[in-house]
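We use all heavy atoms of the structure for the numbers below, so side chains are in, but hydrogens, waters and symmetry mates are not. From a predicted model like this one, the values you see are computed outputs, not experimental measurements. Chain A is the first sequence line, chain B the second, and so forth, proteins listed ahead of strands; every chain is numbered from 1.
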Amino acid sequence: MFDPKWVRENPQAFDEGLSRRKLPPLSKQFEQIDALRRARIRTLEIFLEKKNKASKEIGQARTTGNHSALEKLMSEVAEAKESIARLENEVKESEADLKEFLAGIPNIPADDVPIRDDETGNEEYRRHGERPSLNFTPKQHFDLGEALGLMDFEAAAKLSGARFVVLKGALARMERALSQLFLDTHTDPKHGYTEVNPPLIVRDEVMIGTAQLPKFSADQYRVETEDDQIRQAYENFELDRNAVLDFAEKRGIEAARAEKKEVLGFVYRPNPFRRWMIPTAEVPLTNLVREDIVDETKLPMRMTANTPCFRAEAGAAGKDTRGMLRQHQFTKVELVSITTPEQSKDEHERMLTCAEEVLKKLGLHYRVMTLCTGDMGFASQKTYDIEVWMPGQNTYREISSCSNCGEFQARRMNARYRNKQGKVAGHVHTLNGSGVAVGRALIAVMENYQEADGSIAVPDALLPYMGGLKKITKVG
RNA sequence: GGAGAGGUGGCUGAGCGGUUGAAAGCACCGCACUCGAAAUGCGGCAUACGGGAAACCGUAUCGUGGGUUCGAAUCCCACCCUCUCCGCCA
């Protein structure tokens, strides 16, 4: 979310930043919305001042018993109040317009982000290790897993539909082992992240804070109790009927009918009852500082969590349908840092090396990509992806994504910090990164450590967590 | 789910329908005293928005949203949240 003041004062920088995202210039539109808003505020405040003054004088006239003045003042207030009611609505409308406008605009890329159209424009930043040389044709993880009898997509479909998986036995254990290894690595003083076990179900505002909402509601799972639904239906009925009537009055019944869909709330609208399943632990971890003023001495704050993540994967129809690469539910160890504006750049590099560390421990070959402007996420100003080598697929696959969001999310959350002088010094910077995706790490291990007979060797780093098991072989 | 209590500034905590943006204390900052420090004394110290080159002025904010009133932190209603007890529950 942008600072309106900044946009007002730097329209050209704003447009230039948007153009790097392949977006049209929006400063003109901003200027319009903002100017109207400010004009409305000004007129409203003139009337408010009038009312306040008169009210105060009424108090004085009462005590002095000046009845003629009293009556004049009363009528003055009554007059002002008429305008105030109308102007208040206008200001509210303008403020909502501005907020909606700004909430839909993505973060501006950092200066050193390559300006390209799509993922083919990403640039390699560095790489580690080499592709393993196998003297047989490597299989994909789902072939391996199904042959081992430890990965069951049919059972998962029976339970939950497509894009779910059931892991069993040594593979289930290996997933847990990976989580443990990652958490142990990041909570070690060397990395210094504090382990957190956050809620997996969160409110609207929290999803807005990290920018999953309002724009990406279709990618999220929402949860409601029956009670919630009843209350919501009731509220919607009241709200929407009024909204439709209001709309019809202003622009005619025909227009109201045509735009009924929007008016009736099929578009996103904040709702106090509804909750969302987290698509990543970034959401609860980052929002831990929402509406807070953090002491600078506590920064950087580093947090890690191992959680299931839930994604509707809307718009990914037909993409990566085989195997457990793209699931509605997966496990991920997440890293989140809260920093001062000065610290965030270094912290971003540091976070990346923390994520890389676990892949090094697993002996996996990977490359780090700097995402170009066309491939970056909505809230990010700079993102590194780590892509791990998958022999079975004969390609690199994203296993981690580390983003510096600057103050973009902090503004939405109103997360600020207090400097050493005790003054509120501004918004914090927020960073998040996978450290790393556990489900994908599992399939990377499977494909990289597979043997000719379809068994899978356990990487050294996982041995302590596997209860003595050195190799995963077919059951039964 | 039932019964009750409560949500006030960075924190603690007062608050009568009318100079209350809000007492007091703590914390913090400045000054004085001191060789220095502590202690003490004096002064300062909320945020956002709007206007202004600035000094400064205006407006809003006492959980949120409505309402009553000329005027609401104070009265009324709804909701959210926290706490205590009971019930249910992994």
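Checking B:A53 for Watson-Crick or G-U wobble geometry (two distances, each under 3.5 Å) identifies no partner in any strand. If you check B:U12 for Watson-Crick or wobble pairing at under 3.5 angstrom, you find it paired to B:A24. Applying the Watson-Crick and G-U wobble criteria (two distances, each under 3.5 Å), B:C83 pairs with B:G4. Under the Watson-Crick or G-U wobble criterion, with both distances below 3.5 Å, B:A46 is paired with B:U61. Figure legend. B:C75 is base-paired to B:G67; pairs are counted as Watson-Crick or G-U wobble with both atom distances under 3.5 Å. B:U40: Watson-Crick or G-U partner is B:A32, with both key distances under 3.5 Å.
Taking atom C1' in both B:A46 and B:C29, one finds a spacing of 15 Å when rounded to whole Å. The C1' atoms of B:G58 and B:G21 are separated by 14 Å, rounded to the nearest whole Å. Rounded to a whole angstrom, the distance from the P atom of B:C88 to that of B:G1 is 15 Å. Nucleotides B:G6 and B:C75 place their P atoms 11 Å apart, quoted to the nearest Å. For the P atoms, the distance from B:C62 to B:G67 is 15 Å, rounded to whole Å. Spacing between B:G9 and B:C28 at atom C1', rounded to whole Å, works out to 14 Å. Here, B:U82 and B:C77 have their P atoms 23 Å apart, quoted to the whole Å. Taking atom P on both B:A22 and B:A60, the two are 14 Å apart, rounded to the nearest angstrom.
One interatomic measurement links the two molecules: CD of A:E291 to C1' of B:A48, which rounds to 14 Å at whole-angstrom precision. Between A:Y417 atom OH and B:G10 atom P there is a gap of 17 Å when expressed in whole angstrom units. A straight line from CZ of A:R290 to P of B:C81 spans 14 Å, rounded to a whole angstrom. In this structure, CE of A:M74 is placed 13 Å from C1' of B:G18, rounded to the nearest angstrom. One interatomic measurement links the two molecules: CD1 of A:I46 to P of B:G51, which rounds to 12 Å at whole-angstrom precision. Computed from coordinates, the A:R8 CZ to B:G52 P distance equals 11 Å when rounded to whole Å. Summarising the geometry, the separation between CG on A:L87 and P on B:G50 is reported as 17 Å, rounded to the nearest angstrom. We find that CH2 of A:W6 is positioned 16 Å from P of B:C49, with the value rounded to whole Å.
Aromatic pair A:F153/A:F142: ring centres not closer than 6.0 Å.
Between A:H328 and A:F164, the ring-plane angle classifies as tilted under the 30° and 60° cut-offs. Aromatic ring orientation, A:Y193 versus A:H191: perpendicular (interplanar angle above 60°, classes split at 30° and 60°).
The main-chain N or O of A:C405 is found under 3.5 Å from a side-chain atom of A:N107 such that the two form a donor-acceptor pair. Within the 3.5 Å criterion, the main-chain N or O of A:N52 finds no donor-acceptor partner in the side chain of A:S55. One N or O on the side chain of A:N287 and one on the backbone of A:V283 form a donor-acceptor pair closer than 3.5 Å. The backbone N or O of A:P25 sits nowhere less than 3.5 Å from a side-chain atom of A:Q29 that would complete a donor-acceptor pair. Put simply, the side chain of A:S19 gets close to the backbone of A:E16: a donor and an acceptor are under 3.5 Å apart.
Annotation: of the two residues near RNA chain B, A:E45 and A:A78, the 5′-most nearest-nucleotide partner is A:E45.
For A:L48, counting side-chain heavy atoms from C-beta on, the closest listed nucleotide (B:C81, B:G50, B:A60) is B:A60. Looking at the side chain of A:S55, the nearest of the listed nucleotides B:U47, B:G50, B:G18 is B:G18. Side-chain proximity of A:I41 to the nucleotides B:C81, B:A60, B:G50 is greatest for B:G50.
Within the 4.0 Å cut-off from OP1 or OP2 of B:U59, at least one side-chain nitrogen or oxygen of A:N52 is found. Between A:R38 and B:G51, a side-chain N or O to OP1/OP2 separation shorter than 4.0 Å is present. Listed pair A:R42 / B:C49 fails the phosphate criterion, with no side-chain N or O lying under 4.0 Å from OP1 or OP2.
Shown here for A:Y417 and A:T340, the closest heavy-atom pair between the two residues is CE1-CG2, 4.0 Å.
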Every protein N/O within reach of nucleotides 55-57 of chain B N/O, cut-off under 3.5 Å:
none

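The residue A:K5 sits close only to the backbone: its heavy atoms come under 4.0 Å of sugar-phosphate atoms, none of a base. Residue A:R411 is classed as having no contact, given no heavy-atom separation below 4.0 Å to the nucleic acid. Using a 4.0 Å heavy-atom distance criterion, A:D295 is classed as making no nucleic acid contact. Counting non-hydrogen atoms under 4.0 angstrom, A:L73 reaches nothing in the nucleic acid. Residue contacts shown for A:K92 are limited to sugar-phosphate atoms, with no base heavy atom under 4.0 Å away. Contact annotation for A:R37: backbone-only contact, meaning every heavy-atom pair under 4.0 Å involves sugar-phosphate atoms and none involves a base.
With respect to A:K81, the side chain to side chain contact (heavy atoms under 4.5 Å, CB included) criterion is satisfied by exactly one of A:K51, A:E76, A:K50: A:K51.
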